Amino acid sequence: MTDKLTVSVLGTGIMGAAMARNLARAGHEVRAWNRTREKAEPLAANGIRVTDTPTGAVAGADVVLTMLYDGNAVLEVMREAAPALRTGAVWAQCTTAGIELVADLAAFAREHGLVFYDAPVLGTRQPAEAGQLTVLAAGPEEGRETVTPVFDAVGAKTVWTGADGAAGSASRLKLVANSWVLAATAAAGEVLALSQALGVDPQDFFDLIQGGPLDMGYLRAKSALVLDGKLTPASFAVATAAKDARLIVEAGERNGVRLDVAAATAERLARAAAQGHADEDMVAAYFASFDEKPAG
């Protein structure tokens, strides 16, 4: 395998666009497709060929990387791309698709002769743009020499969780990690809302916990987005976080675990989206604490 690969990126939202740019920066030939082409067009300035169709993007590609909304969207787009997929190509499935659909995605890969890697990523806009994501990956040893340069271009490290992508071990770990991220984000919004309701300066709370076991850089960073009114552009949008929260709740239900915090977080995120915050950073779930827009 040569160092230079032809990589198809299907889905160029917040994460996919950043990953495509880092792949191009690493010297790979990159083709990109997005359902709304206008959102992908800026990638042309980075030497990336933007295509009108998924088939145009994947034709002859060594690696196909999917970074779409959910597992159903991935299946739909890959079915569109199917006529142009090259037998033996590697498929790095980076979308957070949950657990249930991983087997269907792997079955599609087998049917079309693709080497399948369950490879969700951990990180948001800034680490994606810096090529500092953590890739959680499961897939066969054979083929890793092809997919590893792709993971190295988009991430700071790759955590291998198994040799069978169809088993979904990487997706399982991603849901566990996201359950913590979403719980912490929801708690950050609630502590700000309660502070406002009780007339407490949030800085007094931050000073109280500073340097102790309750202090948390993530809490401070997310709270600052609310306090400073910098919820856009989103690092991770409310609508996408709501989808992930639903996947976490469903995974718990199917495996006999009741996840009350995750369920409440999913409800808060859905309520914030309905209030008009769907495209803002996920900490905008803060607004779900109020029936009306809070005072400044």
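Everything quoted here is computed from the prediction, not taken from an experiment.
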Please check if the number of heavy atoms outside Asp152 that lie under 6.0 Å from its CG is greater than 12.
yes
Determine, stepwise, if the pair Lys243 / Leu247 fulfils side-chain contact (heavy atoms from CB on, under 4.5 Å).
CA-CA 6 Å; Lys243 178 265 298 184; Leu247 290 175; 3.7 Å; yes
Should the pair Arg125-Glu129 be classified as a salt bridge under the 4.0 Å nitrogen-to-oxygen rule?
yes
Side-chain H-bond candidate by donor/acceptor type, Lys174 with Thr96, under 3.5 Å
yes
Under a 4.5 Å cut-off applied to non-hydrogen side-chain atoms, are Thr232 and Asp279 in contact?
no
Please determine whether side-chain contact (heavy atoms from CB on, under 4.5 Å) holds for the pair Thr12 and Val50, giving the CA-CA distance in whole Å, both sets of side-chain angles, and the decisive distance to 0.1 Å.
CA-CA 10 Å; Thr12 59; Val50 178; over 6 Å; no
Using the rule given for side-chain contact (heavy atoms from CB on, under 4.5 Å), can you reason through Ser235 versus Met282, listing the C-alpha separation, both sets of side-chain angles and the distance that settles it, and then say yes or no?
CA-CA 8 Å; Ser235 291; Met282 59 182 169; over 6 Å; no
Side-chain heavy atoms of Asp215 within contact of Arg220, under 4.5 Å:
yes
Smallest separation among heavy atoms of Val283 and Leu231, with atom names
CG1-CD2, 3.5 Å
Closest heavy-atom pair, Ala272 versus Ala284, reported as atoms and distance to 0.1 Å, is CB-O, 3.7 Å
Under 4.0 Å between a Lys/Arg side-chain N and an Asp/Glu carboxylate O for Arg79 and Glu76?
no
Using modelled atom types only, decide if a donor and an acceptor are shared between the side chain of Glu145 and the backbone of Gly143 within a distance under 3.5 Å.
yes
Can any side-chain N or O of Ser179 pair as donor or acceptor with the backbone N or O of Val176 at less than 3.5 Å?
yes
Please name all residues satisfying salt bridge (charged side-chain N to carboxylate O under 4.0 Å, His left out) with Arg172, sequence neighbours left out, ordered by chain then number.
none
Taking all non-hydrogen atoms of both residues, which atom of Leu105 and which atom of Trp91 are closest, and how far apart?
O-CZ3, 3.3 Å
Going only through I, L, V, M, F, W and Y residues with side-chain contacts under 4.5 Å, is there a path from Trp33 to Val30?
no
Are any side-chain N or O atoms of Arg144 and backbone N or O atoms of Gly139, one a donor and one an acceptor, separated by less than 3.5 Å?
yes
Report the C-alpha separation of Asp62 and Glu29 in whole Å, then their side-chain angles, then the decisive distance to 0.1 Å, and conclude whether the side-chain contact (heavy atoms from CB on, under 4.5 Å) test is met.
CA-CA 10 Å; Asp62 301 303; Glu29 178 185 340; over 6 Å; no
Among the clusters formed by ILVMFWY side chains lying less than 4.5 Å apart, do Val249 and Val181 turn up in the same one?
no
Do Ile99 and Leu182 sit in one hydrophobic cluster, given that two such residues count as connected whenever their side-chain heavy atoms are within less than 4.5 Å of each other, even indirectly?
yes
Please enumerate all residues that pass side chain to side chain contact (heavy atoms under 4.5 Å, CB included) together with Pro140, with sequence neighbours excluded.
Val115, Tyr117
Verify the distance criterion only: is there a donor paired with an acceptor across the side chains of Thr66 and Gln93 at less than 3.5 Å?
yes
Between Ser223 and Tyr286, a side-chain donor and acceptor under 3.5 Å:
no
Shortest non-hydrogen pair, Thr161 vs Ala138, comes out as OG1-CB, 3.5 Å
Group every Ile, Leu, Val, Met, Phe, Trp and Tyr by side-chain heavy-atom contacts under 4.5 Å, then state whether Met67 and Val77 land in the same group.
no
If Ile, Leu, Val, Met, Phe, Trp and Tyr residues are connected whenever their side-chain heavy atoms lie under 4.5 Å apart, and connections chain through other members, are Val9 and Val74 in the same group?
no
Does Thr53 offer a backbone N or O that forms a donor-acceptor pair with the side chain of Thr51 under 3.5 Å?
yes
Rounded to the nearest 0.5 Å, the CZ atom of Arg21 sits from the CD1 atom of Ile48 at a distance of 7.0 Å
When rounded to the nearest 0.5 angstrom, what distance separates CG in Leu136 from OG in Ser169?
9.5 Å
Give every donor-acceptor pair under 3.5 Å between a side-chain atom in residues 202-209 and any protein atom, sequence neighbours left out.
{"unit_1": "Gln203", "atom_1": "NE2", "unit_2": "Asp207", "atom_2": "OD1", "d": "2.9"}

Close side-chain approach of Thr158 to Thr148, heavy-atom, < 4.5 Å
no
What I'd like to find out is whether the side chain of Val191 reaches to under 4.5 Å of the side chain of Leu219, using heavy atoms alone.
yes
Looking only at non-hydrogen atoms, find the nearest pair between Phe287 and Gln275 and report the distance.
O-OE1, 3.2 Å
Is the backbone N or O of Leu68 less than 3.5 Å from a side-chain atom of Thr95, with the two atoms forming a donor-acceptor pair by type?
yes
Hey, are the side chains of Phe151 and Val63 touching, using non-hydrogen atoms and a 4.5 Å cut-off?
no
Quick one: pull up CZ in Arg258 and CD in Glu253 and give me the separation to the nearest 0.5 Å.
10.0 Å
Hey, are the side chains of Thr185 and Phe236 touching, using non-hydrogen atoms and a 4.5 Å cut-off?
no
dist Leu65:CG -> Met15:CE (nearest 0.5 Å) comes out at 10.5 Å
Inter-residue atom distance Asp52.CG - Asn34.CG, 0.5 Å rounding
12.0 Å
What distance do Asp118 atom CG and Asp164 atom CG have between them, rounded to the nearest 0.5 Å?
9.5 Å
Please find the pair of heavy atoms, one from Ala188 and one from Lys222, that lie closest to each other, and give the distance.
CB-CB, 4.5 Å
